[in-house]
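It should be emphasised that the depicted structure is a prediction, and the values quoted were computed from it without experimental measurement. In what follows, every heavy atom counts, from backbone to side chain, and hydrogens, waters and symmetry copies are set aside.
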Amino acid sequence: MKRRAAGRALVLALLPPALLSGCAHPAAALSAPSRSGRLLLRVGPADAPPLRSVAAGFEYQGNAHAGRLALDGPLGARLAEARWGDTGVVLTDASGDRRYDSLSALAAELLGEPLPLQALGDWLLGQPWPEAPAEPTAVGFLQAGWQVDTHALADQGLLLATRDTPAPALLLRIVLDR
C-alpha cells in the first residue's frame with residue numbers, strides 16, 4: 001500500500017505544471033456547455049475604414065469567475081487561449097504563458113481597448129451580466145457603456161455589441177455555431 005502511494009506521489013510530482021493548471025478552475029464553470037462561433041472586433045467609426053480589426057473563431061466555456069476562451073485563426077490554428085479563475089488569468093499563445101490580474105487587464109493589453117470579457121458569457125446567453133447595472137432597450141440592453149443587440153440571437157445566433165464613447169468606437173460581432 002505504501003509503495004502505491006509513493007508511486008502516485010512520484011507521478012504527480014513529475015506531471016508538467018501546465019497539465020495541472022486546468023485543475024485550478026471550479027469544475028462547475030468548466031463543465032458548463034461551451035459556445036463557439038466566429039467573432040469580429042472592429043475598432044473605429046462605422047462610417048470610415050477601421051483603424052484595426054480582429055476576426056477569429058472562438059470557443060467560450062465558463063462564466064465571469066472561471067472559464068476558458070480559445071481563439072482560432074481562419075485555417076483553424078489555435079491563436080491563443082485564456083483560462084481564468086480565482087488566481088487570475090493565464091493567456092497561452094505563441095509567445096508562451098502570460099499572467100494577468102483580470103480579464104479586463106488582459107483585454108486592455110491585447111486589444112488596446114477595454115472589452116468587457118467578464119460579461120461575455122452572459123451576453124452570449126442574451127442576458128445582461130448580473131454584476132453591473134443594465135438598462136433594457138428595444139433590441140437588447142445597455143450595459144457598461146455598450147449597446148448589446150440580442151434581437152437576432154435566438155433565430156440567427158447573431159450578437160452585436162457596440163460602444164461609441166469614449167473614442168474610438170468599437171463593434172463586437174459574434175455569430176454562434178448552430
Side-chain angles (χ1 to χ4, degrees), residues 22 25-47 50 52-74 76 78-86 88-91 100 102-178:
H25 307 295
L30 292 180
S31 66
S34 65
R35 292 169 295 270
S36 62
R38 304 267 325 140
L39 65 80
L40 168 71
L41 177 65
R42 184 183 191 283
V43 179
D47 59 351
R52 65 185 175 277
S53 65
V54 176
F58 78 92
E59 184 177 337
Y60 180 95
Q61 188 172 24
N63 57 41
H65 304 289
R68 176 180 75 84
L69 174 65
L71 298 176
D72 297 327
R78 179 68 29 105
L79 300 174
E81 182 172 295
R83 290 184 173 274
W84 60 94
D86 295 337
V89 181
V90 176
L91 176 75
Y100 297 88
S102 67
L103 286 170
S104 297
L106 167 83
E109 182 175 320
L110 286 184
L111 305 171
E113 302 296 335
L115 186 65
L117 291 178
Q118 67 277 13
L120 187 59
D122 292 291
W123 290 6
L124 289 172
L125 295 173
Q127 60 196 27
W129 179 43
E131 297 183 37
E135 179 182 323
T137 67
V139 295
F141 52 89
L142 294 170
Q143 187 170 47
W146 288 76
Q147 167 63 53
V148 183
D149 181 340
T150 60
H151 87 277
L153 190 58
D155 295 338
Q156 302 168 17
L158 176 64
L159 175 79
L160 296 172
T162 55
R163 187 202 76 186
D164 294 326
T165 58
L170 298 175
L171 165 69
L172 177 62
R173 181 185 200 305
I174 294 177
V175 179
L176 295 174
D177 290 337
R178 298 246 162 216

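The CG atom of L39 lies 11.0 Å from the CZ atom of R173; values are rounded to the nearest 0.5 Å. How far CG of L120 is from CG of N63: 11.5 Å, rounded to the nearest 0.5 Å. Rounded to the nearest 0.5 Å, atoms CG (D86) and NE2 (H65) are 9.5 Å apart. A distance of 10.0 Å separates CZ in R38 from CZ in F58, rounded to the nearest 0.5 Å. In this structure, Q147 CD and L171 CG are separated by 12.0 Å, a value rounded to the nearest 0.5 Å. The CG atom of L153 lies 7.5 Å from the CG atom of L124; values are rounded to the nearest 0.5 Å.
Contact of the I174 side chain with the W123 side chain is not registered, since no non-hydrogen atoms from C-beta on lie closer than 4.5 Å. In this structure the side chain of E59 never reaches within 4.5 angstrom of the side chain of D72, judged on heavy atoms. When side chains are defined from C-beta on, L176 does not count as touching L159, because their heavy atoms never get closer than 4.5 Å.
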- Dump the intermediate steps for side chain to side chain contact (heavy atoms under 4.5 Å, CB included) on T137 and V148, then the final yes or no. CA-CA 9 Å; T137 67; V148 183; over 6 Å; no
- Criterion side chain to side chain contact (heavy atoms under 4.5 Å, CB included) on E131 and D122, from CA distance to verdict: CA-CA 10 Å; E131 297 183 37; D122 292 291; over 6 Å; no
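For R52 (side chain) and V54 (main-chain N/O), no donor-acceptor pair under 3.5 Å exists by modelled atom type.
Residues T150 and G126 come closest through the heavy atom pair CG2-CA, 3.9 Å. Scanning both residues, L103 and A64, for their nearest heavy atoms gives CD1-O, 4.3 Å. Residues A80 and L91 come closest through the heavy atom pair CB-CD1, 3.9 Å. When all heavy atoms of R68 and A70 are compared, the closest pair comes out as NH1-CB, 3.6 Å. Annotation for Q156 and R178: closest pair C-NH2, 2.7 Å, computed over non-hydrogen atoms. Minimum heavy-atom separation, P116 to W146: CD-NE1, 3.5 Å.
Sorted by first and then second residue, the salt bridge (charged side-chain N to carboxylate O under 4.0 Å, His left out) pairs with a member in residues 138-165 read E113-R163; sequence neighbours excluded.
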